[in-house]
Protein chains: 2
Amino acid sequence: MITSTVENYLKALFLLDQHGEKEVSTGELAKSLSVTPGSATSMIKTLAEAGLIEHRPHYGVKLTERGRTLAVHVVRRHRIVELFLVEILGMDWSKVHDEAEQLEHVVSDEVIERMDVLLKHPTFDPHGDPIPRADGTLPSQSHYTLSKSKVGQQLSVSRMNDQDADFLQFAEKHGLMIGEKITIVEHNKLADSLTIKTRDNTVILGLSAAANIEVCDA
Amino acid sequence: MITSTVENYLKALFLLDQHGEKEVSTGELAKSLSVTPGSATSMIKTLAEAGLIEHRPHYGVKLTERGRTLAVHVVRRHRIVELFLVEILGMDWSKVHDEAEQLEHVVSDEVIERMDVLLKHPTFDPHGDPIPRADGTLPSQSHYTLSKSKVGQQLSVSRMNDQDADFLQFAEKHGLMIGEKITIVEHNKLADSLTIKTRDNTVILGLSAAANIEVCDA
DNA sequence: TTTATACTTTTGACTAATCAAAAGTATAGG
DNA sequence: CCTATACTTTTGATTAGTCAAAAGTATAAA
Ligand SMILES: [Mn+2]
Ligand SMILES: [Mn+2]
Ligand SMILES: [Mn+2]
Ligand SMILES: [Mn+2]
C-alpha cells in the first residue's frame, strides 16, 4: 500500500538526492522527516521489500526506478498544488508549502491535470522549484546559491532553499521574491555578511541565510 | 486527536440524523461507513470518551453539541470542495463526491474561506445539498422526493439523494440535473413506475430510483 | 414465562507507524 | 591491531484502526 507516509519517505529521498547519485544514510533520511533513526530503519525495510528502494545495510539507500517515479509524481502534485494555491486562490507563498504537504497525498491525477491546464502548464512553483512534467521529466534550471555569488554581479532571485514561512516572509519584506533583480554590493568576509541591493532596499544577510536563496544571471 | 477517521464517523452520524432527533444505532452507523459493527462499537467508545457523542449502550448514539459542530464543519468543507471542483476546475458532478471525501480532511480553513469567496458564498453544492455556513447554520430548503410527487405537477429538480457516480451520470443523460424543470406525466401503480417529461426527453423511472431524486415546486 | 432472533459488545489478533533504549557495526586514530 | 566514536539496527512497547468470531442483551413471539 502506498500510504502517505510511504509517499513522504520517497519524496524525502528524492529531494535529498535529486540525481540518484549518492546513497542516502538512515540518519539523513530520519532527520529530514523528523523521525527517529529507528523509525527510518523500519520504514526502509518496508520500502526495500516493496521494491521502492535498494538498501545496503549500514551504508545507505537509493530509490529504484519505480520508487523514483512515484517520488517525482508526489513532487509534481506538491508543486502544482502550491502554485494553484498562490495563483488561483491568492494565498501567500509563505503558507502554501504546509498546505501542499497534505494535499499532495490526496488530490487525484485528474484534479492535478486540470490545475495544470488552468495554470497553463507551468514549469516552476512559487518558490522557484521546477515542476516535474506528467511524464516524470524535470525542466532544467541553472541557479547557484547567493552565498557563492561575486560582488558587483547583476542577479535575479530564482529559488528559495528554505520553505519555512517566517523565512519566506522575511525575504519578501526585503524585496527578495522570485524574479526580482538584485545586485551584490559588498561581501564582508570578517562579518560573514553580504550586502545586497534590491529594487528599493539594501539588505545585509549572513552567509547562512544567503545560502538559502538561489539566483541566476539577470 | 481529530483524525480523518473520527471526522468520517462524526459526519456519518450527522448525515444519518441531521436534526439531532433520534439515536443512531451501532448497526446503522457501521453500515453507512462500511465497517463491521465491532469496529463501530470501538470507535463509539473513543468518541464518547472524547465527549463528541453520547452513548446509551444497546440503544444508540447521539452527537453532542461539540460533535455536531465538528461534523457540520466537515460537511461544509466537503460541499464547498465539491462545488469548487465543478465550478472552477470543470470536473464532472458525478466524480467530485469521492474526491471531496478525501479533501474534506486536509484542506485548511483558509483555503475553504477563499474558495467560498471565489464561489460567491454559495448555498448549495452540485448535488443540491445545502452548504453549512461558517457559523454552523444551514440554509433552509424545502424539497420532497420525486417518488411522492403527484401527476401533472410542474417541478424543478433540486437535490440528488444518491452520490453514486453511475446514478448521477444516468440522471444527467436523461435531463435530470439540478435546476431542470420537469413534469410528471404518469404514475403507473402496477408497474411501480413514474413517467417524467424533461426538457427534451421522456423518462420512465421505477419508484426506488425516483426516491433518489428530490424536487421542489417549479 | 420461556425462547428465538436480531443486534451490540467484547475478545483476541493483525497492520501501519512510531519511539526509547539496547545492541551491533564501520572506521578513523592511536 | 585495538579502541573510541558515531551511526545503524534491533527489540519491545504503544497508539489508531480494523476484522472475525464469541459472548451478551433486548425484545417480540409463542
Ligand atoms: Mn513546497
Ligand atoms: Mn506530505
Ligand atoms: Mn458529496
Ligand atoms: Mn471523508
Side-chain angles (χ1 to χ4, degrees), chain A residues 1-17 22-63 66-67 70-71 74 98 101-102 104-106, chain B residues 1-17 22-63 66-67 70-71 74 98 101-102 104-106:
Chain A
M1 249 267 83
I2 308 287
T3 61
S4 32
T5 307
V6 167
E7 290 188 340
N8 282 332
Y9 272 87
L10 294 177
K11 191 181 64 158
L13 285 170
F14 172 76
L15 295 177
L16 285 169
D17 177 31
K22 60 170 186 174
E23 275 174 332
V24 176
S25 74
T26 302
E28 242 182 311
L29 178 59
K31 203 165 184 185
S32 94
L33 287 162
S34 307
V35 296
T36 60
S39 300
T41 301
S42 100
M43 180 54 74
I44 282 168
K45 212 182 117 208
T46 307
L47 297 177
E49 272 161 14
L52 298 168
I53 60 174
E54 241 146 60
H55 183 207
R56 272 206 315 142
H58 285 105
Y59 292 92
V61 297
K62 231 176 160 171
L63 288 168
R66 227 185 106 228
L70 276 168
V74 178
D98 293 336
E101 200 57 55
Q102 301 305 123
E104 65 188 359
H105 309 294
V106 301
Chain B
M1 248 266 86
I2 310 286
T3 61
S4 31
T5 308
V6 166
E7 290 187 339
N8 282 333
Y9 273 86
L10 294 177
K11 190 181 63 159
L13 285 170
F14 172 74
L15 295 176
L16 286 169
D17 176 31
K22 60 170 187 173
E23 274 175 333
V24 176
S25 75
T26 302
E28 242 182 311
L29 178 59
K31 203 167 187 183
S32 94
L33 287 161
S34 307
V35 296
T36 61
S39 300
T41 301
S42 100
M43 180 55 73
I44 283 169
K45 212 182 116 208
T46 307
L47 297 177
E49 273 162 13
L52 297 167
I53 61 175
E54 242 147 59
H55 184 208
R56 270 206 316 142
H58 285 105
Y59 293 91
V61 298
K62 231 178 161 173
L63 288 169
R66 227 185 105 226
L70 275 168
V74 177
D98 293 336
E101 201 56 55
Q102 302 305 123
E104 64 187 1
H105 309 294
V106 301

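Letters A, B, ... mirror the listed sequences (proteins, then strands); counts begin at 1. Keep in mind it's a predicted model, so treat the numbers as computed, not measured.
OP1 or OP2 of D/dG17 sits under 4.0 Å from a side-chain N or O of B/Thr3. An OP1 or OP2 oxygen of C/dA16 is reached within less than 4.0 angstrom by no side-chain nitrogen or oxygen of A/Tyr9. Taking only side-chain nitrogens and oxygens, B/Thr46 never comes nearer than 4.0 Å to OP1 or OP2 of D/dG17.
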*Please report the C-alpha distance between A/Met43 and A/Val6 in whole Å, then the side-chain angles of each, then the deciding distance to 0.1 Å, and finally whether the side-chain contact (heavy atoms from CB on, under 4.5 Å) criterion is met.*
CA-CA 8 Å; A/Met43 180 54 74; A/Val6 167; 4.3 Å; yes
*Give the intermediate values and the outcome of side-chain contact (heavy atoms from CB on, under 4.5 Å) for residues B/His105 and B/Asn8.*
CA-CA 9 Å; B/His105 309 294; B/Asn8 282 333; 2.9 Å; yes
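With contacts defined as side-chain heavy-atom distances shorter than 4.5 Å, the pair B/Lys62/B/Leu13 does not qualify.
Partner of A/Asp17 under the side-chain contact (heavy atoms from CB on, under 4.5 Å) criterion, chosen from A/Glu28, A/Glu23, A/Lys22: A/Lys22. Tested against B/Ile44, the residues B/Val24, B/Leu52, B/Leu29 include a single side-chain contact (heavy atoms from CB on, under 4.5 Å) partner, B/Leu29.
A straight line from NZ of A/Lys45 to C1' of C/dA16 spans 13 Å, rounded to a whole angstrom. A/Glu23 places its CD atom 12 Å from the P atom of D/dT8, with the value rounded to the nearest Å. Protein atom CG of B/Leu47 is 12 Å distant from nucleotide atom P of D/dA16, rounded to whole Å. Atom C1' of nucleotide C/dT15 and atom CE of A/Met43 are separated by 12 Å, given to the nearest angstrom. Atom C1' of nucleotide D/dC19 and atom CG of B/Leu33 are separated by 15 Å, given to the nearest angstrom. B/Glu28 places its CD atom 14 Å from the C1' atom of C/dT8, with the value rounded to the nearest Å. Atom-to-atom, CD of B/Glu7 to P of D/dA16 comes out at 16 Å; the value is rounded to the nearest Å. The CG-C1' distance, from B/Leu29 to C/dC7, rounds to 14 Å in whole Å.
The CG atom of A/Leu10 sits 9.0 Å away from the CZ atom of A/Arg66 when rounded to the nearest 0.5 Å. Between the OG atom of A/Ser32 and the CG atom of A/Leu16 there is a distance of 4.5 Å, given to the nearest 0.5 Å. A distance of 5.5 Å separates OH in A/Tyr9 from CG in A/Leu33, rounded to the nearest 0.5 Å. Between B/Gln102 atom CD and B/Ser4 atom OG the span is 8.0 Å, to the nearest 0.5 Å.
Of the candidates D/dG17, D/dT9, C/dC19, the closest approach to any side-chain atom of A/Val35 belongs to C/dC19. Taking every side-chain heavy atom of B/Thr26 into account, C/dT9 is the closest of C/dT9, D/dG17, C/dA16.
Using a 4.0 Å cut-off on heavy atoms, the residues of residues 49-59 of chain A that approach DNA chain D are A/His55, A/Pro57, A/His58, listed by number.
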Atom pairs, N/O to N/O, protein against nucleotides 20-23 of chain C, distance under 3.5 Å?
none

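Residue-level contact check: B/Thr5 touches the backbone only, with heavy atoms under 4.0 Å from sugar-phosphate atoms and none from bases.
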